[in-house]
Asks: 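Questions regarding the structure given below will be posed in turn.
The structure displayed is predicted, hence computed values, not measured ones. Atoms within each ligand, like the ligands themselves, are counted from 1 in listed order.
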Amino acid sequence: MDSAQHETVIIGAGVIGAALAYRLSTSGTPVTVIDRATPATGASGAGFSWVNAAHKTPSDYFRLNAKGVAAHHAWRAALPGASWFHPVGNIELTRRGETTAALEARSEELATAGYPVRRMAGAEARDAVPGLQIPDGAGVFHFQDEGWVDAPAMTHDLLHRAVQAGAALRTHDPVVGIERSANGRVAAVRLRSGGTVSGAEFVIAAGNGASALLSELGAPDPLTSGDGHPGPRTGPGAPHPTVGMVVETTAVADAPRPVVHAPGISFRPAPNGGLTLTDNPTAAQWSRADPRLWDVPALLMERAARLLPQLHGAHIAQVRVGERVLPVDGLSVAGRLPGAPNAYLVVTHSGVTLAPFLAELIADEIGGAERGELAGFRPDRFERR
Ligand SMILES: Cc1cc2nc3c(=O)[nH]c(=O)nc-3n(C[C@H](O)[C@H](O)[C@H](O)COP(=O)(O)OP(=O)(O)OC[C@H]3O[C@@H](n4cnc5c(N)ncnc54)[C@H](O)[C@@H]3O)c2cc1C
């Protein structure tokens, strides 16, 4: 057995595991983070990384995400040199009268909840996004506090800060087994390399890899079946709701700074000076093995260029096919596992938005407090299904 008796063992070095490792280790808790691969190569390396809450329901999930947005602003201010969160705002164009009316109504609710949003004049939107073609009759809304994250940069920066604060990071070594004591508590995890890592608390922040670990623990799996194939359980949305595609373009002259959403296309700046494009429902039509998925990059380029003519000279620089970490009810899962009281599960979509705030909540809960913000998101809701 490893001689190091680390108190908290985090399985998974995506944005969530990294944020939690940072939060715990900088407040004095000994931490070991284990990943089967390189950090940020799961969902965290494949997403659109828009930091947002405006459209999320029900109300406790909206509030969790709104606090996620606020925590990004707070961490950006508190962490010297952290440059991965870009609070550039989000501009949303609606096409039809009824979507404009619905967004108008939602805006009023959001304003009442203290979430900044306003109608924007077309000329102002064109100032913010040079060249933007606004279809006749479109409504334009501005969500001022939203933005985007370079999620791999966030993951690596937070892990680096955690390591500097004393955390141990072990990569390329999957957890392949879990050892339990007679009272059901987890005593140690077994690594493929043959070692074991013991601890007092174990956090499963393994994204879609959580399913295998939960099966080992005999706990219900809340996740939508993976690999883009519909399984016995289904999640919300399109036929293959876990499948997502993100396209990065080559550098673009006059690249817009805000995140922009329009019917059929969303884009935001990419770290290479180009744009990152996506459209959730389009890619989620196809399983990852379906060749029709590869029609999507050209489609996204074409749709984006209709809104932003300067994209006509750009090319595709990179395409990422990702798999969402998607609980079957679409909501976050965070809490101790019934039957394994020192095992804490955290799996969620919108994990980029939520990582800093979830890290704060989970660090408090591992320390013995109970955070009411997580009351509606416990793993035991799947035991009752
Ligand atoms: C296409 C797409 C678009 C998205 N858009 C957005 C968005 O706009 N805004 C937003 O907020 N969120 C978005 N998301 C969601 C967000 O990216 C995820 O919720 C988030 O990255 C989840 O982070 P995580 O750390 O939980 O999981 P992951 O990033 O998947 O990390 C889990 C880690 O665990 C490791 N692991 C798994 N099993 C084991 C094991 N047995 N042993 C050791 N290590 C293991 C993996 O290697 C991986 O590194 C999007 C996701 C996708 C795919």
Asks: Report, in ascending order of atom number, the atoms of ligand 1 lying under 4.0 Å from any heavy atom of Thr348.
Replies: 19 (O)
Asks: Taking only heavy atoms of Arg324 into account, list the atoms of ligand 1 that are under 4.0 Å away from them.
Replies: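 What qualifies from ligand 1 is 1 (C), 52 (C), 53 (C).
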Asks: With heavy-atom distances below 4.0 Å as the criterion, list the atoms of ligand 1 near Gly12.
Replies: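 Those of ligand 1 that fall under 4.0 Å from Gly12 are 33 (C), 34 (O), 35 (C).
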Asks: Looking only at protein heavy atoms, which one is nearest to atom 32 (C) of ligand 1, and how far off is it?
Replies: Ala206 C, 3.4 Å
Asks: Can you see whether Thr100 engages Thr94 through a side-chain donor-acceptor pair at a distance of less than 3.5 angstrom?
Replies: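 Short answer, yes.
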Asks: Out of all atoms in ligand 1, which are within 4.0 Å of some heavy atom of Ile11? Include the element for each.
Replies: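 Near Ile11, meaning under 4.0 Å from one of its heavy atoms, ligand 1 has 42 (N), 43 (C).
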Asks: Any idea which protein heavy atom is nearest atom 41 (N) of ligand 1, and the distance to it?
Replies: Val175 O, 3.2 Å
Asks: Tell me whether Thr249 contacts the main-chain N or O of Gly274 through its side chain, where contact means a donor paired with an acceptor under 3.5 Å.
Replies: no
Asks: Under 4.0 Å from a heavy atom of Trp50: which atoms of ligand 1 are those, numbered in the order shown and with their elements?
Replies: 7 (C), 8 (O), 9 (N), 10 (C), 11 (O)
Asks: Note the single closest protein heavy atom to atom 13 (C) of ligand 1, along with its residue, its atom name and the distance in Å.
Replies: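 Protein heavy atom at minimum distance: His349 CE1, 4.0 Å.
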Asks: Distance under 4.0 Å to a non-hydrogen atom of Gly47: what atoms of ligand 1 satisfy this?
Replies: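 Listed by number with element: 2 (C), 3 (C), 4 (C), 50 (C), 51 (C), 52 (C).
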Asks: Nearest protein heavy-atom contact for atom 48 (C) of ligand 1: which residue, which atom, what distance?
Replies: Asp35 OD2, 3.4 Å
Asks: Would you mind listing which atoms of ligand 1 come within a distance below 4.0 Å of any non-hydrogen atom of Gly244?
Replies: 1 (C)
Asks: Show me which atoms of ligand 1 lie under 4.0 Å from any heavy atom of Ile16.
Replies: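 Near Ile16, the atoms of ligand 1 are 23 (O), 24 (P), 25 (O), 26 (O).
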